[in-house]
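Working notes for the structure below.
What's counted below: heavy atoms across the whole structure, side chains too, no hydrogens, waters or symmetry copies. Along the sequence shown, residues are numbered consecutively beginning with 1. Source: prediction; values computed, not measured.
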Amino acid sequence: MNFLEERIVKDGIVKEGNVLKVDSFLNHQMDIELFDQIGAEFKKRFADKNINKILTIEASGIGIACIVAQHFHVPVVFAKKTQSINLEGEMYVAEVESFTHKCKNQVIVAKKFLSEEDNVLIIDDFLANGCALQGLIQLVTEAGATVEGIGIVIEKGFQSGGRIIRNLGYPLESLAIVEAMNSETGEITFREQ
């Protein structure tokens with residue numbers, strides 16, 4: 001069991017409806033030392049890639065992406081879920097459906113922050129059905145940039161997202177892949193990697 005799987009077993013809570021709560025260390029309260037380990041692991045896994053930008057989606061991907069970016073010494077761009085008065089100029093826009101929130105959002109990145117010169121590592125906290133990732137991939141593609149890799153902290157291997165993204169040919173690295181969860185017993189089974 002790797003460092004992340006150990007932490008999920010220790011502090012994760014399995015809820016009804018295939019929900020894994022990791023808000024005590026990942027996506028509400030954030031354990032920055034754990035994030036540093038996550039950043040180091042993604043740097044190791046994508047060391048051979050020429051990455052000059054990290055892309056994520058608000059909100060829970062931002063903290064992780066920032067620490068990962070420190071390991072790569074590159075900036076982070078995050079796709080916004082709402083248009084605001086601070087966004088100006090031309091935008092790339094994609095529609096994504098959220099597994100957690102059960103709604104569709106348009107995600108937006110200003111064109112001045114993503115271009116054909118960019119070699120992008122996409123980072124996110126969870127992968128379930130892959131809708132958010134497909135939206136981020138669409139933004140990168142619209143910009144003429146290159147997806148060099150995708151780093152996911154926790155993948156729900158029993159849902160279709162990982163298979164869909166891998167079948168599209170993208171290098172996808174998940175630090176922990178949950179194969180099964182039982183809300184009655186709290187048991188979590190991980191895929192061997």
Side-chain angles (χ1 to χ4, degrees), residues 1-15 19-81 96 98-101 105 107 109 113-114 118-133 135-137 139-140 147-157 159 161-162 165 170-179 181 186 188 190-191 193:
M1 198 176 291
N2 71 31
F3 71 96
L4 183 60
E5 292 169 347
E6 288 173 4
R7 186 62 180 272
I8 294 166
V9 168
K10 179 177 175 272
D11 294 326
I13 299 168
V14 180
K15 306 286 269 185
V19 173
L20 176 59
K21 281 183 62 88
V22 289
D23 59 351
S24 68
F25 62 92
L26 191 69
N27 55 16
H28 194 58
Q29 176 173 270
M30 298 182 280
D31 181 336
I32 301 306
E33 289 180 5
L34 177 71
F35 281 25
D36 193 50
Q37 284 182 280
I38 289 168
E41 184 62 26
F42 282 136
K43 176 64 176 168
K44 187 172 92 178
R45 293 186 186 204
F46 293 105
D48 63 330
K49 302 292 185 182
N50 182 29
I51 292 162
N52 71 331
K53 203 158 279 180
I54 306 285
L55 177 66
T56 192
I57 191 167
E58 70 178 0
S60 54
I62 296 172
I64 298 159
C66 288
I67 302 297
V68 172
Q70 284 186 306
H71 288 268
F72 284 90
H73 305 285
V74 300
V76 173
V77 175
F78 67 90
K80 294 183 174 235
K81 291 182 182 173
V96 301
S98 169
F99 172 80
T100 309
H101 301 290
N105 293 301
V107 293
V109 170
F113 297 125
L114 204 55
D118 290 321
N119 297 307
V120 178
L121 174 61
I122 297 173
I123 294 290
D124 208 0
D125 60 341
F126 267 95
L127 171 54
N129 293 323
C131 297
L133 276 186
L136 292 174
I137 290 166
L139 294 174
V140 173
V147 175
E148 291 289 342
I150 300 168
I152 298 297
V153 179
I154 302 170
E155 177 182 336
K156 292 179 178 176
Q159 290 182 261
I165 300 302
Y170 293 101
L172 169 61
E173 291 285 336
S174 297
L175 301 188
I177 302 177
V178 176
E179 202 62 73
M181 301 185 300
I188 302 167
F190 296 99
R191 182 180 298 170
Q193 293 194 69

Using side-chain heavy atoms (C-beta onward) and a distance below 4.5 Å, is [X] in contact with [Y]?
X	Y	answer
Lys156	Leu127	no
Ile154	Leu26	yes
Val22	Asp11	no
Leu172	Tyr170	no
Val120	Leu114	yes
Ile122	Leu133	yes

When rounded to the nearest 0.5 angstrom, what is the spacing between [atom1] in [X] and [atom2] in [Y]?
X	Y	atom1	atom2	value
Ile8	Phe190	CD1	CZ	4.5 Å
Leu55	Leu121	CG	CG	9.5 Å
His71	Ile54	NE2	CD1	10.5 Å
Phe72	Lys53	CZ	NZ	15.0 Å
Asn27	Ile64	CG	CD1	7.0 Å
Asp124	Ile150	CG	CD1	10.0 Å

Using the test side-chain contact (heavy atoms from CB on, under 4.5 Å), find all partners of [X] that sit at least two apart in sequence or belong to another chain.
X	value
Lys15	Ile13, Val19, Lys21
Gln70	Ile67
Ile62	Thr56, Glu58, Cys66, Phe78
Gln37	Phe3, Leu34

Could you list the residues that satisfy side chain to side chain donor-acceptor pair (under 3.5 Å) with [X], not counting sequence neighbours?
X	value
Asn52	Asp118
Asn119	none
Glu179	Arg191

If you take all heavy atoms of [X] and [Y], which pair is closest and at what distance?
X	Y	result
Ala69	Val76	CB-CG2, 3.3 Å
Val96	Cys131	CG1-O, 3.5 Å
Ile177	Gly157	CG2-CA, 3.7 Å
Gln193	Ser174	OE1-O, 3.1 Å
Leu139	Ala79	CD1-CB, 4.0 Å

Using only atom types and a distance under 3.5 Å, with no angle test, would you say the side chain of [X] pairs donor to acceptor with the backbone of [Y]?
X	Y	answer
Asn2	Leu4	yes
Glu155	Glu173	no
Gln29	Ser24	yes

Are Ser60 and Asp125 close enough that a side-chain donor and a side-chain acceptor fall under 3.5 Å?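 Looking only at side-chain atoms, Asp125 and Ser60 do form a donor-acceptor pair, the distance falling under 3.5 Å.
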Run through Lys43, Lys44, Lys49 and flag the one making a side chain to side chain contact (heavy atoms under 4.5 Å, CB included) with Phe46.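 Output: one option passes, namely Lys49.
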What do the steps show when you test Arg45 against Leu175 for side chain to side chain contact (heavy atoms under 4.5 Å, CB included), and what is the final call? CA-CA 10 Å; Arg45 293 186 186 204; Leu175 301 188; 3.6 Å; yes
Taking only residues two or more places apart in sequence or in another chain, which ones pass salt bridge (charged side-chain N to carboxylate O under 4.0 Å, His left out) with Lys10? none
Which residues pass the salt bridge (charged side-chain N to carboxylate O under 4.0 Å, His left out) test with Glu148, not counting sequence neighbours?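 Applying salt bridge (charged side-chain N to carboxylate O under 4.0 Å, His left out) to Glu148 gives none.
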Hey, mind stepping through Val109 and Lys80 against side chain to side chain contact (heavy atoms under 4.5 Å, CB included) and telling me if it holds? CA-CA 7 Å; Val109 170; Lys80 294 183 174 235; over 6 Å; no
Please walk me through it: do Phe126 and Val153 pass side chain to side chain contact (heavy atoms under 4.5 Å, CB included)? CA-CA 6 Å; Phe126 267 95; Val153 179; over 6 Å; no
May I have all residue pairs that pass salt bridge (Lys or Arg N to Asp or Glu O under 4.0 Å) and include part of residues 25-37, sequence neighbours excluded?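 Residue pairs passing salt bridge (Lys or Arg N to Asp or Glu O under 4.0 Å), neighbours aside: Arg7-Asp31.
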